[in-house]
Amino acid sequence: MEAPGLCSVCGTRLGDSVLDGCCPACLMLLAVDAEVAGKSSVDQFQPPSPADLAGLFADLEIQELIGVGGMGAVYKARQIRLDRRVALKLLLSERARDPEFVERFQREGQAQARLSHPHIVGVYDAGQAGDYLYLVMEYVEGSSLRDRLRDHRVGPVDAMR
């Protein structure tokens with residue numbers, strides 16, 4: 001039997017059950033981090049600046065881009081009328097041109113808005129603005145799962161949970 005090797009990403013000593021020469025933590029990073037996985041759609045997606053979005057969302061003061069992923073981008077914003085911090089999630093504009101996807105997105109937004117639980121992010125609004133489908137959601141302060149995995153502050157089993 002061969003001696004276990006090292007993770008091809010971080011160099012951690014590997015056990016007997018390994019996939020693609022990676023330790024479980026790096027496999028999770030590959031699963032959640034499209035840049036590490038080399039997916040070109042994220043590399044090609046250039047999220048609009050907060051200034052570019054200002055005219056599309058009259059009741060939102062869009063403050064900053066806080067994340068980009070394979071499906072779109074998330075911004076920190078302030079909902080002006082209610083004076084509360086929110087997260088604005090924009091989906092890639094090509095999705096807004098697919099009527100079937102738009103309908104499914106609207107139904108999912110309605111279903112998410114009905115959920116109320118301390119461990120589920122609340123959805124305040126969903127719709128289409130210009131070429132973008134969007135969700136206005138509860139803003140949750142803290143680090144992302146991607147950041148926590150990168151900093152090794154959560155194990156793969158906890159991340160999957």
Notebook entry, point to check: Is it the case that one hydrophobic cluster holds both V74 and L65, taking links as side-chain heavy atoms less than 4.5 Å apart, direct or via other members?
Noted result: no
Next item on the list: Considering non-hydrogen atoms only, spot the tightest contact between L135 and A126 and give its length.
Entry: CD2-CB, 3.5 Å
Notebook entry, point to check: Taking a hydrophobic cluster as the set of Ile, Leu, Val, Met, Phe, Trp and Tyr residues connected by side-chain heavy atoms closer than 4.5 Å, whether directly or through intermediates, do L88 and Y132 fall within one such cluster?
Noted result: yes
Notebook entry, point to check: Is the cationic atom of R84 (NZ for Lys, CZ for Arg) positioned less than 6.0 Å from the six-membered ring centroid of Y124 and within 45 degrees of its normal?
Noted result: yes
Item checked: Beyond-backbone contact of L56 with Y134, side-chain heavy atoms, under 4.5 angstrom -> no
Next item on the list: Identify whether the distance between the nearest side-chain nitrogen and carboxylate oxygen of E138 and R85 falls below 4.0 Å.
Entry: no
Margin query: side chain to side chain contact (heavy atoms under 4.5 Å, CB included) for L53 and L90? Distances and angles first, verdict last.
Written below: CA-CA 10 Å; L53 297 173; L90 292 183; 3.6 Å; yes
Item checked: Check: Y139 and K76 side chains under 4.5 Å, non-hydrogen atoms -> yes
Check: What about L91 and V121, same hydrophobic cluster or not, with Ile/Leu/Val/Met/Phe/Trp/Tyr joined at side-chain heavy-atom distances under 4.5 Å?
Finding: yes
Notebook entry, point to check: Which pair of non-hydrogen atoms, one from V68 and one from P47, has the smallest distance, and what is that distance?
Noted result: CG2-CG, 3.7 Å
Note to self: Out of the candidates L60, V86, D83, only one should pair with R78 under the side-chain contact (heavy atoms from CB on, under 4.5 Å) rule; please name it.
What the structure shows: D83
Margin query: Measuring only between side-chain heavy atoms, which start at C-beta, is P50 closer than 4.5 Å to F57?
Written below: no
Margin query: Are the side chains of E61 and Q63 in contact, using a 4.5 Å heavy-atom criterion?
Written below: yes
Please tabulate, for the side chains in residues 96-105, all donor-acceptor contacts under 3.5 angstrom to protein atoms that are two or more places apart in sequence or on a different chain.
{"residue": "D98", "atom": "OD1", "partner": "E100", "partner atom": "N", "Å": "3.1"}
{"residue": "D98", "atom": "OD1", "partner": "F101", "partner atom": "N", "Å": "3.4"}
{"residue": "E103", "atom": "OE2", "partner": "R107", "partner atom": "NH1", "Å": "3.0"}

Side chains of residues 110-120: which donor-acceptor pairs under 3.5 Å do they make with residues two or more places apart or in other chains?
{"residue": "H117", "atom": "ND1", "partner": "H119", "partner atom": "N", "Å": "2.9"}

